[in-house]
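Just so you know, these numbers use all the heavy atoms, side chains as well, and skip hydrogens, waters and symmetry mates. Numbering of residues begins at 1 and proceeds along the displayed sequence.
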Amino acid sequence: EDVNELLRIIQSISKRLAAHVNRRYEHSSRNRFPDIRQTLRKNMRSGGELLHLAFRKPRRNRVKLVVLCDVSKSMELYSTFFIQFMYAFQHVYSKTETFVFSTSLQRITNTIRQKNFEEAICSLNATNKGWGGGTKIGASLHQFVELFGAALINKKTIVLVLSDGWDKGKTDLLESSMQFLHTKA
């Protein structure tokens with residue numbers, strides 16, 4: 001019932017993420033900031049007369065969001081809300097990759113891109129693998145790093161891990177995966 005309200009809130013959050021401005025500039029056709037260097041370069045053919053003006057604007061940072069959500073038994077009460085959150089965020093902010101995990105990792109980005117939330121939930125229920133069971137956070141994060149880490153993670157990526165942290169699994173896998181995420185994202 002509150003998906004529309006959630007979409008509105010997430011839309012305001014995503015606008016702030018998308019509006020983050022870089023210190024570098026890019027060319028612009030609008031009269032924002034004059035670009036002296038490009039103006040002089042354009043007017044060299046006309047003997048230095050300033051006939052053509054060039055402008056620039058601050059370049060926007062395109063931040064990518066990766067969301068990893070725990071859907072184990074201990075998170076059963078919250079997992080529906082988190083899936084609604086991921087659904088709403090993915091419909092507002094296009095650079096979002098979504099994953100769920102319990103004992104193994106599952107990429108659900110394409111599944112929750114459907115137009116209707118109820119259809120997306122039905123598709124997730126049909127394809128769920130081990131939801132509501134145990135948790136292996138370390139193994140799941142390690143699987144994410146091995147399969148998707150190099151392709152999805154860079155310095156412009158924000159990684160959200162939504163979990164209660166109950167069953168960490170192998171702590172050495174968890175530690176190495178979190179170290180990778182910390183250094184790359």
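Annotation: side-chain contact (heavy atoms from CB on, under 4.5 Å) contacts of M178 (sequence neighbours excluded): L141, L174, L181. For T98, the side-chain contact (heavy atoms from CB on, under 4.5 Å) partners are V67, M86, Q90, T96, I108, T109, I112, not counting sequence neighbours. In this structure K57 satisfies the salt bridge (charged side-chain N to carboxylate O under 4.0 Å, His left out) test together with E26, sequence neighbours excluded. Contacts of D172 classified as side-chain hydrogen bond (donor to acceptor under 3.5 Å, both in side chains), with partners at least two apart in sequence or in another chain: none. By the side-chain hydrogen bond (donor to acceptor under 3.5 Å, both in side chains) test, R113 pairs with no residue at all, sequence neighbours left out. Shown here are the side-chain hydrogen bond (donor to acceptor under 3.5 Å, both in side chains) partners of S123, two or more places apart in sequence or in another chain: Q114. Residues passing the side-chain contact (heavy atoms from CB on, under 4.5 Å) test with S46 are N43, E49, L51, sequence neighbours excluded. With sequence neighbours excluded, the residues satisfying ring-ring contact (aromatic ring centres under 6.0 Å, His included) with F99 are F144, F148. Partners of T157 according to the side-chain hydrogen bond (donor to acceptor under 3.5 Å, both in side chains) rule, which considers only residues two or more places apart in sequence or in another chain, are N154. For the side-chain contact (heavy atoms from CB on, under 4.5 Å) test, residues two or more places apart in sequence or in another chain that qualify with R37 are D35, R41.
I36 belongs to a hydrophobic cluster whose other members, connected by ILVMFWY side-chain contacts under 4.5 Å either directly or through intermediates, are L40, L50.
Taking 4.5 Å as the limit, some side-chain heavy atom of F82 sits within range of a side-chain heavy atom of M75.
Residue T39 holds its OG1 atom at 13.0 Å from CE of M44, rounded to the nearest 0.5 Å. If you take CG on D70 and CZ on F101, they are separated by 4.5 Å, rounding to the nearest 0.5 Å. Atom CG of D164 and atom OG of S72 lie 5.5 Å apart (nearest 0.5 Å). Atom CZ of R45 and atom NE2 of H52 lie 9.5 Å apart (nearest 0.5 Å).
L105 and I153 fall within a single hydrophobic cluster, where Ile, Leu, Val, Met, Phe, Trp and Tyr side chains are chained together by heavy-atom contacts under 4.5 Å. Under a hydrophobic clustering in which Ile, Leu, Val, Met, Phe, Trp and Tyr are joined whenever their side-chain heavy atoms come within less than 4.5 Å, directly or via other members, V161 and L173 fall into different clusters. Residues F33 and F55 do not share a hydrophobic cluster, defined by chaining ILVMFWY side chains whose heavy atoms lie under 4.5 Å apart.
The salt bridge (charged side-chain N to carboxylate O under 4.0 Å, His left out) pairs that include a residue from residues 89-100 are E97-R107, where partners are two or more places apart or lie in different chains.
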How far apart are the C-alpha atoms of V159 and L68, what are their side-chain angles, what is the distance that settles it, and do they pass the side-chain contact (heavy atoms from CB on, under 4.5 Å) test?
-> CA-CA 8 Å; V159 179; L68 300 153; 4.0 Å; yes
Go through the steps to decide whether H142 and S177 satisfy the test side-chain contact (heavy atoms from CB on, under 4.5 Å), and finish with yes or no.
-> CA-CA 5 Å; H142 182 70; S177 301; 3.6 Å; yes
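Within the 3.5 Å criterion, the main-chain N or O of I137 finds no donor-acceptor partner in the side chain of S140.
Contact record, A150 with F180: N-CZ, 4.5 Å, taken as the closest heavy-atom pair. Here the closest heavy-atom approach between residue R56 and residue P34 is recorded as NE-O, 3.9 Å.
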